[in-house]
Amino acid sequence: MFSGYIISVAIFVGIWVALALSLNILTGYAGQVSLGHAAFFGIGAYTSAILSLKYGFSFWVGLLGAIVITGLIGIVLGLPSLRVHHDFLVLATMGVNFVVVAVFKYVDFFGGAMGIIDLPAPSIFGYSFRGGLPYLLLVWAFVAFTWLVSWYVSKTWVGLAFHTVRIDEDAAAAVGVSVPRFKIYAFAISSALAGGAGCLYGHFIGSVFPDTFVFAESIVILSMVIFGGVGTLRGPILGAIILKAAPELLRFVQDYRFTIYGALLVLMMIFQPMGIIGDDSFLWRLLTRQRRNKEVKA
Amino acid sequence: MPFMQNLSNAVVLAGTYILMATGLTMVYGVLKVLHIAHAAVYTIGAFIGLLVFTWIGNFWLALAVAMLVSGIVGVLIYRSTYHYILDAPRTVPLIASIGMFVMLTDLLQKKFLMGPYPKSLPVGGAGLPRIETPWFSLTPKQLLILIVTTVLLSIVYLILTRTRIGLGWQAAAMDQDMAAAVGVNLNRVIALNFFLGSALAGAAGVLVGVYNNNVFAAMGDLPSYKAFIIIVLGGMGSLPGTIIASLLLALVENFLVAAVGYVLPRDAIAFSVLILMLMFRPHGLLGQE
């Protein structure tokens, strides 16, 4: 019914939707702009690769391990955010990305520049699946999980606390919100989810290489969040779908991928800093106008 | 390697860092924007230098044209992007700057511009002699970097301290609104700021291209990250701090890395230093609160 190619594209899109949603928790909700998200993506992929190949655990343990361990590392690497603010935090996260990739590349335990290959495919009751519809369902189940976490966070007091930290840290502290605690929460949740996405990526490709998780990939993930609409539940999904599917399906876009990502970031910042369907964006106002008009009449 | 030779090598290396970081410091000093696209300007400078040199064959002309074009590119980047978003939260111009950097670097890699492969820039020493002293020796290329750096920095220093518009720049760096209130033409000052800073970055690009006899599209990446380390070390927006921090980084690279060997590559160490610096001395070695 579906060709293998379309399924592969849909799997990739799913993994990047999960990445964009997870970065959105950190950047959109808690206001901590990070250019190091690919590092956590990579840590997840490497964790599960090492758990399954060196220690012989199953894929499912690997997935759980990737989520937990990446979350814990996220707490440690999030520590600079307690001292460093705004644009300098961006520099620090950029540095984190470089250091993590260098560790993958130059420490033998992580396989060096050749990476780790022959990752096993997940299996349930002896039925193994690599690629294909079952894996697609698994990936999108994880996307749904990520979305649910984002939704839950945005609807509870944690979301409110993130909101106050984003708007004004001093005011947040003044009304009793522990700013350091919630920044670390945001780093932990965000990186744990990125770790899960990394595990799904590694086991789909069947190998992990340090060069997949470089700074440029962090820019791509941030572009998706910002292009779609930072701080919303819908924006990062649309951003990731468009920016991931377009290069796969259109030849021209593939050749000029980074030119287009870069130009989009510049144009969005000048004209629509809230993203194409973010709150208060032109398109979103247009789309919701009818509904709002109805509400007014009723 | 003897101590004095290491020292003179470090000073030469610092020269290119200073040229690169001065522009960033000037932009940060006046606009409070971390100008990541500066790296693309550096690469454009090297590229223009290469074009003019292969076309005409005169190094000094190539350097001058490269600086002029880089300066204009810098002003264009400001007028097309930052100009509109200066009042937005500080991450907005930063993200725009990253976008600009990614876009320009990717475009430069295309076949109709620099192409994906490195190209050589065989200037040699531009006719300069080799300096031999009992303690250290300077190759013609090193001498070239020292002379160009010293001359350009002196010119920028004179412009910033002895001319009307330079005084305007100093005023704007202290307090933009106040400067505007006493009649400083902010648009002109900021344009000058970008022009001078970008011209210096272009010169740095040409010099490094000549020094390594190598010009390629991604050559700006590493120097620009190092330049950020330098402006953090130097205390954000302080020109003397930038010069001292450049020397310090070059010295550390030349002495420490050679002495210790490495577990991690140099750049990972440099970034670890940056992160620690941001955490424990966020205002730089010399900067004040």
Side-chain angles (χ1 to χ4, degrees), chain A residues 27 31-36 77 79-107 166-167 214-216 218-220 222-223 225-227 230 255-271 273-274, chain B residues 28 32-37 40 77 80-85 88-111 218 221-222 225 228-229 231-232 236 262-283:
Chain A
T27 301
Q32 309 297 305
V33 179
S34 163
L35 267 181
L77 297 185
L79 287 178
S81 71
L82 304 184
R83 295 273 301 177
V84 185
H85 302 280
H86 310 297
D87 35 4
F88 288 99
L89 177 65
V90 177
L91 273 190
T93 55
M94 204 163 115
V96 163
N97 203 151
F98 277 92
V99 174
V100 167
V101 170
V103 168
F104 287 156
K105 231 178 195 164
Y106 292 91
V107 177
R166 182 183 77 234
I167 303 288
V214 289
F215 172 57
S218 295
I219 295 179
V220 170
L222 185 68
S223 307
V225 176
I226 286 172
F227 178 65
V230 64
D255 291 345
Y256 284 84
R257 196 154 63 110
F258 279 98
T259 309
I260 293 169
Y261 285 154
L264 274 179
L265 280 183
V266 175
L267 292 175
M268 296 308 288
M269 283 302 108
I270 296 176
F271 296 109
M274 295 309 290
Chain B
Y28 192 82
K32 303 283 178 268
V33 170
L34 285 173
H35 179 34
I36 291 186
I77 289 177
S80 64
T81 313
Y82 301 138
H83 183 64
Y84 302 103
I85 45 182
R90 280 165 68 184
T91 43
V92 168
L94 176 71
I95 292 169
S97 177
I98 293 164
M100 188 60 98
F101 165 64
V102 172
M103 182 176 79
L104 290 176
T105 321
D106 194 51
L107 272 179
L108 280 171
Q109 268 170 11
K110 300 299 173 219
K111 278 201 196 70
D221 297 12
L222 220 53
Y225 305 141
F228 284 116
I229 299 173
I231 64 168
V232 171
M236 327 294 174
Y262 56 82
V263 198
L264 285 177
R266 247 167 132 118
D267 310 317
I269 295 174
F271 264 108
S272 311
V273 171
L274 170 74
I275 296 168
L276 292 177
M277 199 56 208
L278 283 171
M279 284 186 75
F280 297 109
R281 290 238 6 123
H283 296 283

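Each chain gets a letter, A, B and so on, in the order the sequences are listed, and its residues count up from 1. Owing to the predicted nature of the structure, the values given are computational and were not obtained by experimental measurement.
- With a threshold of 4.5 angstrom between heavy atoms, B:I85 approaches chain A through side-chain atoms but not through N, CA, C or O.
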- request: I would like to know whether B:H35 and B:Y82 meet side chain to side chain contact (heavy atoms under 4.5 Å, CB included); could you show each step before the answer?
  value: CA-CA 9 Å; B:H35 179 34; B:Y82 301 138; 2.7 Å; yes

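- Judged by distance alone, with hydrogens and angles left aside, the side-chain atoms of B:K110 form no donor-acceptor pair with the main-chain N or O of A:Y256 at under 3.5 Å.
- If you measure heavy-atom distances from A:V96 to chain B, the contacts under 4.5 Å come from both the backbone and the side chain.
- Counting all heavy atoms, side chain and backbone alike, A:Q32 lies closest to A:S81 at OE1-CB, 4.1 Å.
- Of the two parts of A:L35, only the side chain, counted from C-beta on, holds a non-hydrogen atom closer than 4.5 Å to a non-hydrogen atom of chain B.
- The two residues A:I226 and A:M268 come nearest to each other via the heavy atoms O-CE, 4.3 Å.
- With a threshold of 4.5 angstrom between heavy atoms, A:I219 approaches chain B through side-chain atoms but not through N, CA, C or O.
- Most heavy-atom pairs under 4.5 Å with chain B: of the set A:F215, A:F98, A:Y261, this distinction falls to A:F98.
- B:S97 approaches B:A37 most closely through the heavy-atom pair OG-N, 3.2 Å.
- Only the backbone of B:S80 comes within contact range of chain A, with heavy atoms under 4.5 Å apart.
- Using a 4.5 Å cut-off between heavy atoms, A:L267 makes no contact with chain B at all.
- Two residues are said to be in side-chain contact when any heavy atoms from C-beta on lie closer than 4.5 Å; A:V103 and A:V100 fail this criterion.
- Of all non-hydrogen atoms in A:P273 and A:V230, the two that sit nearest each other are O-CG1, 4.4 Å.
- Per-residue heavy-atom pair counts under 4.5 Å with chain B were compared for A:L91, A:T93, A:V33, and the maximum is reached by A:L91.
- Summarising the geometry of A:P80 relative to A:L77, their closest heavy-atom pair is CD-O, 3.1 Å, with the distance given to 0.1 Å.
- Ranked by heavy-atom pairs shorter than 4.5 Å toward chain B, the options A:L265, A:T259, A:L264 are led by A:T259.
- In this structure, the portion of B:K32 lying under 4.5 Å from any heavy atom of chain A is its backbone and not its side chain.
- Taking chain A as the reference chain and counting heavy-atom pairs below 4.5 Å, the highest number among B:T105, B:L104, B:V102 is found for B:V102.
- For B:I95, the parts lying near chain A are the backbone and the side chain together; criterion is any non-hydrogen pair under 4.5 Å.
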